[in-house]
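The structure appears right after this line, and notes come after that.
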2 protein chains.
Amino acid sequence: MGRITLKDVSEHAGVSRSTASLVLNDDPSIPEVTKKRVRASMLELGYVYNRQAATLRSQKSMALGLVVTEIRNEYFAELAMSLEGAAYEAGYTLLLCYSRDDLRRQETQIERLFERGVDGLVLLPAAETEPAKMDLLLRGSQVPFVLLARHFGLEHDYVGADNIRAGELLGAHISSLGARSVSILGGPASTSAGLERIDGFTRSVSGAGIEVVPEQRITSHTNASDGARATARLLDGGTLPDVIVAYSDVIAVGVYAELHARGLRPGTDIAVAAFDDIPGSEHQVPPLTTVATFPSAIGLACGELLLRRIAEGVPESYSHTLIEPQLRIRASTVSWRPRHG
Amino acid sequence: MGRITLKDVSEHAGVSRSTASLVLNDDPSIPEVTKKRVRASMLELGYVYNRQAATLRSQKSMALGLVVTEIRNEYFAELAMSLEGAAYEAGYTLLLCYSRDDLRRQETQIERLFERGVDGLVLLPAAETEPAKMDLLLRGSQVPFVLLARHFGLEHDYVGADNIRAGELLGAHISSLGARSVSILGGPASTSAGLERIDGFTRSVSGAGIEVVPEQRITSHTNASDGARATARLLDGGTLPDVIVAYSDVIAVGVYAELHARGLRPGTDIAVAAFDDIPGSEHQVPPLTTVATFPSAIGLACGELLLRRIAEGVPESYSHTLIEPQLRIRASTVSWRPRHG
DNA sequence: CTGTTAGCGCCTTCAA
DNA sequence: TTGAAGGCGCTAACAG
């Protein structure tokens, strides 16, 4: 029961209603003594500010929507958390929805957020999102929005890792090892992040005479089991590449497991590398070479961009903020030696 | 701009305002033809339901608040996701806040959720939460709430793993191995979950003549690095127990790493076990013995309980729902053999 | 610094 | 089935 209203407070404190309202905003035109009295009344009466009413009136909800595919993956979890941090600092509350990579669900979630009058929206789009349709839905709403970690086309604000660069960094490192063949365990098909990583990597190794054997795709929910399965498929196909590059560190856990199951030592018999640098990766045995993609920096930048859009309105040109990745060279690649001289 | 209102829609469709309102609720008293016409008008005009207004009027926000410490830990992530799933199915939106185990922040977050008029609240309390104070804050609000995964005292609704049982299960297994000494890497002090696990475990092994060497506590943000550090402290102290029991699987990753760094093979030279059974644990090398605590079942049950409380009001007696854990026996314990005959 | 006023968009009741 | 009316609690604008 948000029973106690500002009216009750103002009567109890013996001030006008507008004064009470100004106290809420800590307006400097009100003397400290009055503020104190009003606040004491609020406390005494157990007053709770009714933001629904304020939103209705002022057309500002002080809420941000976040739609992500899922967050069991630590990388996404970190994104969500840092975004919430940015929102919290600015006084915003985060409305969180998981699309679970389901298009209908994603659409419903976004519509519900619009019903709630979010001041801005962050979308980590589901893998198969149809660009034109989504564009219509988002733009039609007039609500500022930013795409996170995955994009579709270029006509939107976007914040994510520089995945092409990440691929290149890893490609250059792999080339320097003297490897002859690489297999990529590719993560979800049809996400920009996945394609860019593979693009950058492939381009980067193509000059070095390295054979990139056909990729093993992984379904969109990427976890250790998927990595193990993809590795099994690869090896069952009769290929034993010099290097396995996994779409993400989480997948690499499964790669390690499957290699061990077949008597192959990762980092010795076969080099392994991945992307993201989640906290556990340096504690893998052997420590995993990976490309750090700094999800907390991405989430923060995303929050800041969105808040700027909310404050300043729709810009003429959209911003693509790419967070620079960093290669983390560890034993899973450097302790490996080429078999062929 | 939620500019288009129900009034606009009703005028466009040539029906009364109350009819348009009833169509929103899919009221059976309205003929299908009328519904169709009204819905067409909504679509054509780009009508967006204004839930702020509805909330103000009806005193139901159709929103649930969730305050968790953090979710980079996969266990918590799963909790949050399954809870969101339950909320989504019932038409509720989830407002998510991270306390980051910070008491001031936790309080602010809860107050903000009340301002937003959440119909119910789920709290995974920060480690040092003061029971009396929190009790006052929550009860004072009149908003139904459920504690998740950690509790304080008994006078609340609570859903979590049966942590005592989890400890007992693991203790019984460890006893059966013929181990003589165990060290517990204890996770956050002062959470009910941590204490219960240790309690159950200790009680269960106490009859078997197993020495429980002093625990190494881990700070509240538990990740692989913390596990490695705690292991280092333990071994630096000159103790080499037969078994290390970690507070959670995430910590065990660090335990493995530190053991390897010192030339000790987990599962062979020393047994290792933990709690939670996150997806990566069966893919560790060696696969990790652990007690599955089913976070998705917990999240779901929590959501259902809260929705029931919202529907039925405050009950006479509170419910403690404990999800039964299951022991997962894997190589990290069973491949170990006692040194002393 | 105060008081007054007029809504924000929806829900609900009541009478037609 | 419909139309009219009142109000949820707050904000914003303006005149005192």
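Quick caveat: nothing in here was measured; it's all calculated off a predicted structure. Chain A is the first sequence line, chain B the second, and so forth, proteins listed ahead of strands; every chain is numbered from 1.
In this structure, B/R17 places its CZ atom 13 Å from C1' of C/dC8, rounding to the nearest Å. In this structure, the CE atom of A/M42 is 12 Å from the C1' atom of D/dC10, given to the nearest Å. As a whole-Å value, the separation of B/K7 NZ from C/dC11 C1' is 16 Å. Across the protein-nucleic acid pair, A/I4 atom CD1 and D/dC10 atom P stand 10 Å apart, rounded to whole Å. As a whole-Å value, the separation of B/L24 CG from C/dT12 P is 12 Å. At whole-Å resolution of the value, CD in A/E115 and P in C/dC8 are 20 Å apart. Separating the CZ atom of A/R37 from the C1' atom of C/dC1 is a distance of 12 Å, rounded to the nearest angstrom. In this structure, CG of A/N25 is placed 7 Å from P of D/dT11, rounded to the nearest angstrom.
Checking A/H320 against A/D157 by side-chain atom types alone, no donor-acceptor pair falls below 3.5 Å. Residues B/S21 and B/S18 have side chains that never bring a donor and an acceptor to within less than 3.5 angstrom of each other.
Residue A/S18 is classed as a base contact, given a heavy-atom separation below 4.0 Å to a base.
Of the side-chain N and O atoms in B/S21, one or more sit less than 4.0 angstrom from OP1 or OP2 of C/dC11.
In this structure, the side chain of B/Q106 engages the main chain of B/A126 through a donor-acceptor pair within 3.5 Å.
You'll find a donor-acceptor pair under 3.5 Å spanning the side chain of B/R57 and the base of C/dC11, going by distance alone.
Proximity note for A/Y49 (side chain, C-beta onward) versus D/dC10, D/dC8, C/dC10: the nearest is D/dC10. Proximity note for A/A54 (side chain, C-beta onward) versus C/dC10, D/dC10, C/dG9: the nearest is D/dC10. Nearest nucleotide to the side chain of B/S16, out of C/dG3, D/dC10, D/dT2: D/dT2.
Comparing B/P31 and A/A53 along DNA chain D, the residue whose closest nucleotide (by nearest heavy atom) sits nearer the 5' end is B/P31. In terms of position along DNA chain C, the nucleotide closest to A/S29 lies nearer the 5' end than the nucleotide closest to the other residue of the pair B/L6 and A/S29.
Ring pair A/F145/A/H156 is tilted by interplanar angle, where 30° to 60° counts as tilted.
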> Yes or no on salt bridge (Lys or Arg N to Asp or Glu O under 4.0 Å) for B/K35 and B/E32, after CA distance, side-chain angles and deciding distance?
Replying inline: CA-CA 5 Å; B/K35 283 187 188 172; B/E32 280 305 320; 3.7 Å; yes

